[in-house]
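As the structure is a computational prediction, the values presented were derived from the model and not from experiment. Atom set for the values below is all heavy atoms of this structure, side chains included, hydrogens, waters and symmetry mates excluded.
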Amino acid sequence: MGSRIHINDNCLGIGACEAVAPHLFAVRDGTAELLINDPAAIDIELARDAIDACPMLAIEAIEAIEAIEAIEAIETDE
């Protein structure tokens, strides 16, 4: 199972993610873009390094789709 990576609106295009993981991220037009669309192909450890390097906290990893579904189920029960 892969991880989905999301770049939020905090991104200022500083490029720390690209410096750490150039095959995962590129800065274009002032914002970072994810270069790999297939969650199964993302090296999550490298993505976590990029997440940690981002001074704007603009990169988020969404792991384990089952975990998301479990959270949604809990929220609907409340």
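I59 and C54 make their closest contact through CD1-CB, 4.2 Å (heavy atoms, listed as atom of the first residue, atom of the second, distance). The heavy-atom pair separating V20 from A50 by the smallest distance is CG1-N, 3.8 Å. Here the closest heavy-atom approach between residue A26 and residue E18 is recorded as CA-OE2, 3.5 Å. Of all heavy-atom pairs spanning A21 and L46, the tightest one is CB-CG, 3.6 Å. The shortest non-hydrogen separation linking M56 to L12 is CE-CD1, 3.7 Å. Heavy-atom minimum distance, I5 versus A61: CD1-CB, 3.9 Å.
With a 6.0 Å radius and a threshold of 12 heavy atoms from other residues, nucleotides or ligands, D38 has its CG atom above the threshold.
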Test side chain to side chain contact (heavy atoms under 4.5 Å, CB included) applied to I42 and L34, step by step: CA-CA 10 Å; I42 293 174; L34 184 63; 4.2 Å; yes
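Under a hydrophobic-cluster definition in which Ile, Leu, Val, Met, Phe, Trp and Tyr are linked whenever side-chain heavy atoms come within less than 4.5 Å, directly or via other members, I44 and I51 are assigned to the same cluster. Residue I14 is not grouped with residue F25 when hydrophobic side chains (ILVMFWY) are merged at heavy-atom distances under 4.5 angstrom, including chains of intermediate members.
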